[in-house]
Amino acid sequence: MRDLTKCLRLVDEDRALTSPGAKVHYYPLAIKSGRGSTIEDLDGNLYIDMLSSAGAVNTGHCHPKVVEAIKKQADSLILYTHVYMYHEPLVSLTKELISITPGDFRKRVFFGLSGSDANDGAIKLARVSTGRPRVVSFIRSYHGSTYGAISLSAVSLPMSRKIGPLLPGIHHMPFPDPYRAPIPGMSPDEVSDYCIDQIKIAFENFMPPDEVSAFIIEPIQGDSGLIVPPAKFLRDLRALCDANGILLISEEVQQGFGRTGRWFGIENFGVVPDAVILGKSIASGLPLSGVVARAELIEKLEAPVHLFTAGGNPVCCAAALATIDVLRGEDILTHVTDLGERAKKRFLDMREKFEFIGDVRGIGLSIGVDLVTDRQTKERNRAAAAKITYRAWEKGLLLSFFSGSVLRIQPPLVITDDEMNRAIDIIEESMEEFDKGEIPDSVLDSVQGW
Ligand SMILES: Cc1ncc(COP(=O)(O)O)c(C=O)c1O
């Protein structure tokens with residue numbers, strides 16, 4: 001039996017003092033430290049991390065190069081707001097972001113502190129630069145927790161219940177989900193065509209295309225359970241945008257910075273967006289976000305339309321520069337592609353064994369394992385997701401699930417083959433124990449899940 005005395009004490013204190021509106025509870029893991037893909041709790045127990053702090057530490061915990069860059073910068077300047085003055089780390093980072101983001105055109109960048117505020121900035125950018133009021137996002141997308149980002153999101157009722165009214169002028173269109181197709185039996189291309197048709201119907205009936213400024217889309221829908229759209233959809237959406245003078249903005253907060261084996265998720269689909277929204281892993285865990293867009297769009301913004309005192313601060317910029325250096329220097333992207341393929345194969349093999357695995361999907365190290373009560377109806381198996389997640393934690397794995405049924409496999413990108421194999425072994429063992437009915441129902445009282 002593991003000792004969890006200190007963890008349990010801290011969890012009780014936290015839960016008594018902080019907002020329940022800011023916590024999605026899985027199990028009482030109070031973290032003391034992290035290194036690479038390993039987490040240590042307050043009682044000295046070790047875990048392999050399959051969550052990367054919600055996809056925010058792609059370079060792994062406390063990567064030595066990132067830590068060194070932070071320390072060095074903190075030693076000389078922590079903050080002088082770039083709203084009024086200028087500093088070198090921000091300009092160097094801006095140049096790097098311009099060079100790694102898709103699009104062979106002139107670009108500019110603005111910065112913030114969270115994925116949410118970057119989404120707000122993208123809404124402002126779209127409206128100001130096109131002079132059009134409407135913005136379109138997708139059903140079951142997640143964009144964050146500010147009013148603008150919640151207005152774009154459409155994945156969880158408690159997110160918007162009682163806090164309204166939300167931002168006007170936002171429309172939500174269906175996102176193509178090849179697994180849970182709108183009409184059962186549709187091929188991925190048919191799903192894609194169906195969703196494009198819904199946009200055309202909206203254009204003809206209630207969403208005048210000449211009033212639409214932008215589509216904001218996650219290249220892989222993250223929190224809805226890692227839904228990978230057919231490439232055709234993104235290509236057809238790009239064409240629809242071009243035909244109507246609408247911007248296409250790729251929301252890369254979760255799928256960016258190497259997560260899919262490319263710098264940015266949208267690159268897997270052969271489509272070039274007009275802007276990308278960045279957050280989470282950009283600075284390996286320090287609060288930084290940004291939008292990189294065609295220069296002529298950003299040039300329409302007038303101060304002080306979108307700025308933050310500590311946005312793009314020197315320490316976060318130094319961490320981001322080190323992050324890019326690590327991802328580039330250690331050839332992480334190739335590693336992500338290779339390891340992601342092997343990991344996916346192992347889950348697909350498990351699907352042969354366990355009837356409750358409905359679907360395995362994803363690109364690179366952004367893999368979702370969707371658990372169902374019945375492969376025919378595809379009903380979500382929340383109990384399986386909760387029990388397997390909990391049992392895996394008992395065995396030394398930091399695992400989570402979203403959308404009620406989808407195991408979230410998003411380890412730090414620096415995870416080794418051995419660590420990944422061990423992590424998948426633990427998931428397999430937990431699935432076996434679930435299959436045999438060895439995980440008690442009492443677990444379900446504890447796990448809230450996303
Ligand atoms: C796709 C996506 N966009 C935006 C956000 C919001 O980012 P933040 O929590 O840093 O505001 C998240 C966070 O989970 C996300 O997954």
Side-chain angles (χ1 to χ4, degrees), residues 26 36-39 46-52 54-55 57-58 60 178-179 188 220-222 225-228 254-255 258-262 265 268 331-373 375 378 380-381 383-436 438-439 449:
Y26 284 94
S37 301
T38 304
I39 286 293
L46 299 179
Y47 304 84
I48 304 175
D49 186 7
M50 283 292 107
L51 181 59
S52 307
V57 288
N58 285 359
Y179 180 59
I220 297 175
Q221 236 180 22
L226 285 165
I227 314 293
V228 183
Q254 189 180 122
Q255 305 304 329
R259 175 56 55 196
T260 66
R262 310 249 186 161
N268 294 286
D331 200 14
I332 302 282
L333 302 187
T334 313
H335 171 68
V336 170
T337 303
D338 295 347
L339 186 56
E341 276 311 306
R342 288 197 294 278
K344 214 160 99 175
K345 170 143 191 340
R346 279 203 60 191
F347 287 115
L348 283 166
D349 290 346
M350 276 184 229
R351 189 176 180 277
E352 303 296 308
K353 194 160 64 161
F354 301 119
E355 193 60 25
F356 55 80
I357 300 185
D359 193 29
V360 176
R361 53 183 178 252
I363 305 180
L365 286 174
S366 202
I367 300 172
V369 181
D370 197 335
L371 309 181
V372 294
T373 54
R375 283 193 183 172
K378 299 175 182 176
R380 295 180 186 278
N381 197 336
K387 285 183 175 183
I388 290 164
T389 296
Y390 196 90
R391 180 53 53 91
W393 165 69
E394 290 177 316
K395 290 171 180 283
L397 192 70
L398 196 169
L399 183 65
S400 65
F401 61 93
F402 38 29
S403 207
S405 66
V406 185
L407 301 182
R408 179 174 186 170
I409 313 297
Q410 289 184 326
L413 307 183
V414 295
I415 192 166
T416 63
D417 286 28
D418 283 353
E419 286 168 326
M420 193 68 190
N421 275 329
R422 177 66 197 128
I424 300 176
D425 287 346
I426 290 177
I427 296 173
E428 190 165 8
E429 285 162 30
S430 305
M431 285 183 172
E432 258 154 27
E433 290 166 30
F434 169 75
D435 209 26
K436 289 191 211 138
E438 290 174 4
I439 310 177

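Positions are given from 1 along the sequence. What you see is a predicted model, and the numbers here were worked out from it, not measured in a lab.
- Panel note: side chain Arg259, backbone Leu365; a donor-acceptor pair is recorded below 3.5 Å.
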CA sep, side-chain torsions, deciding dist, call: Ile363, Gln255, side-chain contact (heavy atoms from CB on, under 4.5 Å) = CA-CA 10 Å; Ile363 305 180; Gln255 305 304 329; over 6 Å; no
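- No donor-acceptor pair under 3.5 Å is formed between the side chain of Lys395 and the backbone N or O of Ile426.
- Side-chain contact between Glu429 and Leu397 is absent, with no heavy atoms from C-beta onward closer than 4.5 Å.
- Ring orientation note: the planes of Tyr47 and Trp393 are close to parallel, at an angle under 30° on the 30°/60° scale.
- In this structure, Glu394 pairs ionically with Arg391, as a charged nitrogen and a carboxylate oxygen lie closer than 4.0 Å.
- There is a side-chain donor-acceptor pair under 3.5 Å between Ser405 and Asp370.
- Atom CD1 of Ile415 and atom CD1 of Ile409 lie 10.0 Å apart (nearest 0.5 Å).
- Taking NZ from Lys387 and CG from Asn381, the interatomic distance works out to 9.0 Å, rounded to the nearest 0.5 Å.
- We find the CG-CD distance between Leu371 and Glu355 to be 12.5 Å, quoted to the nearest 0.5 Å.
- Of all the heavy atoms in Ala392 and Leu399, the pair that sits closest is CB-CD2, 3.9 Å.
- Annotation: side chain of Leu226 is in contact with side chain of Phe402 (closest heavy-atom distance under 4.5 Å).
- Once rounded to the nearest 0.5 Å, the distance linking CG of Leu413 with OG1 of Thr260 reads 9.5 Å.
- With respect to Arg342 and Asp417, a salt bridge is recorded, a charged nitrogen being found less than 4.0 Å from a carboxylate O.
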For side-chain contact (heavy atoms from CB on, under 4.5 Å), just list the numbers for Asp418 and Arg422, CA-CA rounded to whole Å, side-chain angles, deciding distance to a tenth of an Å, and then say yes or no.
-> CA-CA 6 Å; Asp418 283 353; Arg422 177 66 197 128; over 6 Å; no
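- Panel note: side chain Ser52, backbone Pro411; a donor-acceptor pair is recorded below 3.5 Å.
- Of all heavy-atom pairs spanning Gly404 and Ala385, the tightest one is O-CB, 3.8 Å.
- A donor-acceptor pair is defined here as one N or O able to donate and one able to accept, closer than 3.5 Å; no such pair exists between the side chain of Arg361 and the backbone of Val228.
- Taken to the nearest 0.5 Å, the CD1 atom of Ile388 stands 10.0 Å off from the CD atom of Glu433.
- If you take OG1 on Thr373 and CZ on Arg380, they are separated by 11.0 Å, rounding to the nearest 0.5 Å.
- A parallel orientation is assigned to the rings of Phe356 and Phe354, their planes being inclined by less than 30° (bins at 30° and 60°).
- Leu51 is not listed as a side-chain neighbour of Tyr26, based on a closest heavy-atom distance of 4.5 Å or more.
- Classification of Lys353 and Glu432 as a salt-bridged pair holds, one side-chain N sitting under 4.0 Å from a carboxylate O.
- Here the side chains of Gln254 and Ile220 are not in contact, with every heavy-atom distance at 4.5 Å or above.
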Mind listing the side-chain donor-acceptor pairs of residues 344-351 below 3.5 Å, one per line with the distance, residues two or more places apart or on another chain?
residue, atom, partner, partner atom, Å
Lys344, NZ, Gly362, O, 2.9
Lys345, NZ, Asp349, OD1, 3.4
Lys345, NZ, Asp349, OD2, 3.0
Arg346, NH1, Asn421, O, 3.3
Arg346, NH1, Asn421, OD1, 3.4
Arg346, NH1, Asp425, OD1, 3.1
Arg346, NH2, Asp425, OD1, 2.8
Arg346, NH2, Glu428, OE1, 3.1
Arg351, NE, Gly358, O, 2.9
Arg351, NH2, Gly358, O, 3.1

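- The nearest pair of heavy atoms linking Leu407 to Thr389 is CD2-OG1, 3.7 Å.
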